[in-house]
Every structure is written in C-alpha cells, then in structure tokens.
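Below is one structure, written out as structure tokens, with a few remarks after it.
We count ligands from 1, going down the list as the structure has it; atoms in each ligand are counted the same way. Reckoned from all heavy atoms, side chains included, excluding hydrogens, waters and symmetry mates.
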Amino acid sequence: MRGRFTPKGMTDVAEMEERGVSSAVDLRSDTVTRPSAEMRRAMAAAEVGDDVYGEDPTVNRLEQRAAEIFGREAALFVPTGTMGNQIAVHLHTRPGQEIVCEARSHVYNYEMAMAAAFSGCLVRPVASSDGRLDWRQVAPQLSLAAPYHRARTGLAVLENTHNMAGGVVTGAAQTAELCRRFHELEIPVHLDGARIFNAAAAAGASVAELSRDCDSVMFCLSKGLGAPVGSMLAGSRDFIHRARIVRKMLGGGMRQAGVLAAAGLVALEKGPARLAQDHALAKRLAEGLAEIRGVEIDPARVETNIVIFGTARTGFSAAEIVARMAEHNVLAGAAGPDAIRLVTHLDVDAAKIEEALRVIRAAIERA
Ligand code: TLP
C-alpha cells in the first residue's frame, strides 16, 4: 500500500495501516479520515467527567481553546456540524421567520429540513454565480417591513468555505461587508464554518478574522482537521449558555465526552497546519481532470480541498461514472445528475491522486 507523505516528506505507511486506512482512494468527503495514532493515544489517556454537569475537564479545555482561537467569549462542543448550525438557527430566529442563505448551502439542502421542523422557519435561498453571496442579489430577497404578506427575515447564514460551490473561500473583507449590511437591518449572521480552517489556509487570514463580525460560528473538527467526531459552536457567553440548553433538548448532552474532545484538541492544534497539502492535491486533481475528454472543470477556481466537475459532455451521467470508479476502488460522490464531487484529506497522498486520475480517465474515455 502506498503511504501518506508526512510534512517531512516521508511516507508513513505504518501509521496508515495502524489506523486501518484502506487501499481504496476514498474521495467522497474529508469526513472519512481515521484518527491518527496521536489522537488515539490522547483519547485513551483523556481525563473525563460528566459533561452534562460541566465536569469534563477535556471538553472544558477544548471549548476554552476554541473560544480563544476564534476570539469569542465561549464555545460549545457538539456532536455534529448539523447540530451546531441548527442550535444557532433556533437561537437566532423565532418560528414564522425566514432565513436567507446561498442556494447551495448546507443549512438549506442537507440538514433534513430542520430549520422548518425544529425552528419553524422558511429558508429563502439566494442563487449566486460562485457561492459567494452578492449583496445586490441578497437585498431584494430580504423581508423587513410589510407584516401581512411575507415573513420577516430573521437570520442570514453564510458558508465558508462553500461546500457545494466547490470549496470557494469568502475573504475577511467580504464577510465583514455582508455582516455590516445585515446588521444595519438588524439581521443576525451565523457562519457555517464547517471548513473555516480550509478558508483560513487559503486566504492567509486567521479563522478569527474570517468570522469576526458574525454573531455565531460553527466549525467542524471531523472534516479536514481529522477528528473522528465533533464540531464546535462559538459566540458570546450568553449565546453559548443558551446553546447548551438547546443542545440538551436535541439529545446532545454527551456525558464523558472527553474521550472525543481529546481527539478534537489534537485536531484543533495540529490539523490546520497541514491543510495546504490537501489544497495542493485538489489543485493537481483538477488539473488532471481538465485533460480528460468532456470533463468540465476550471482548475483556477479550485481554492481549497473540494473539486466539483461537470460530466454533461462526457456522454455519461455522474452516477454512471461514480459506479465505474467504485469498481476500481476510487470512491466519489455525485453532486447532482451531471456533477461529481471529490474531496482531498489527510488519508490521500499524491500517489492516490494520480491513481484516481487514471481510473477516472479510464471510466470516461475507454467507454
Ligand atoms: N457536509 C458533508 C455532507 O453532509 C454533504 C460533506 O461530506 O461535505 N456544513 C457544511 C458546509 C458541511 O459540508 C457539512 C457536512 C455540515 C455543515 C454538517 O456537518 P455534520 O456532517 O458534522 O453534521
């Protein structure tokens, strides 16, 4: 089995085997990574207590570190990004309000309609060309005054990086400008920063800078940072106090969660430094894809670890290509009838990317 190139340029096959990383090239998501040996050691040694009583020292440390890194008063450990986002939606809105967000955003498309089911809100999606919200397109979709025809806009949700727009980054200045405009209208802003550390690595800005003007921010430990489980919600002390109650309502009070938080701490401290490697591999993947007949991709638009390419001109549906790839142990996800998403992460290396390119080329060209 080919190994991973460590930051020192050495192939760490033994560690990959120890972690049970399979020989498949799994590009379905950056959620598929296995915890590192260091994480597993930290989990085994974690000091724990009952977190519902606020007595788990490792969870408390993780929450404190996350708050510090984001320059916030407090943070909360939650099992998933979905729960973090939906707690924020619940706290910022009232039933019968609208939530404005980009049309491909996660909170709208992939959270099981929880904005409606749990918070009684309607999502008002705004289409954008590249995943970055443009105020000229947002403004006409807001509803503030006329109370008898349209529900009031109660919240804006931004997503950085934007997953289904191909991992694109919204810069600190653009985020600040959007927040300023929403706040002028008294609309709070929640940032779905599931991959905010990828955004920071690509933008050369800190996660604190990228999220500063947002009222709350959620980020995932379990994606590019490599933890097996967990996300964080950060905000003001009062917001996080109320978030803890909503987390309990949702069944997210996790008792001796220090075993998970221990892995999260390793992810938070060590994970960000290696994200640039994932971005370089995604760029190489996009360049290779651009040379395959019929594939629609602009490598210049690949900014982080997500590559989405169009298949409409290949003569095959995305599902057909994904199925052919899987026969050769290269796993991807269809992102629509004519689009495939590939995500790089710490369990793929340069050799695996070349292997994936060979398999994709064969799946499309040798029909
Ligand atoms: N995204 C998953 C799938 O649900 C699509 C993935 O494989 O990318 N916000 C964003 C922007 C996300 O991409 C995700 C997960 C979440 C929130 C939710 O996180 P989890 O899966 O922890 O609930």
Less than 6.0 angstrom from the centroid, inside 45 degrees of the normal: does R195 satisfy that with respect to the ring of F219?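 Here R195 fails the 6.0 Å and 45° test against F219.
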
Ligand 1 atoms in contact with [X] (distance to a heavy atom under 4.0 Å):
X: S29; result: 6 (C), 7 (O), 8 (O)
X: T80; result: 22 (O), 23 (O)
X: T82; result: 18 (C), 19 (O), 20 (P), 23 (O)

Please state which part of N85 comes within less than 4.0 Å of ligand 1, counting heavy atoms only: side chain, backbone, both or neither.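 Answer for N85: side chain.
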
Heavy-atom distances under 4.0 Å decide this one: backbone, side chain, both or neither, for M112 against ligand 1?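 Neither; no heavy atom under 4.0 Å.
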
If you measure from the Lys or Arg side-chain nitrogens to the Asp or Glu carboxylate oxygens, is any gap between [X] and [Y] under 4.0 Å?
X: R181; Y: E184; value: no
X: R124; Y: E98; value: yes
X: E68; Y: R65; value: yes

Polar atom proximity, [X] to ligand 1 (N or O, under 3.5 Å):
X: E111; result: no
X: D192; result: yes
X: M164; result: no

Short side-chain donor-acceptor distance under 3.5 Å, H162 and E102: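 Looking only at side-chain atoms, H162 and E102 do form a donor-acceptor pair, the distance falling under 3.5 Å.
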
Given K223, R195, H106, which one has a non-hydrogen atom that is nearest to atom 8 (O) of ligand 1?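 Going through K223, R195, H106 one by one, R195 has the nearest heavy atom to atom 8 (O) of ligand 1.
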
May I ask which of Q86, R104, E159, R28 has a heavy atom nearer to atom 11 (C) of ligand 1 than the others do?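 It is E159 whose heavy atom sits nearest to atom 11 (C) of ligand 1.
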
Please walk me through it: do F197 and F70 pass ring-ring contact (aromatic ring centres under 6.0 Å, His included)? CA-CA 11 Å; F197 283 93; F70 280 77; 5.8 Å; yes

Report whether I308 and I321 are members of the same hydrophobic cluster (ILVMFWY, side-chain heavy atoms less than 4.5 Å apart, transitive linking).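 Hydrophobic grouping puts I308 apart from I321.
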
For atom 20 (P) of ligand 1, what's the nearest protein heavy-atom neighbour? Residue, atom name and distance, please.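 In this structure, atom 20 (P) of ligand 1 has G81 N, 3.5 Å as its nearest protein heavy atom.
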
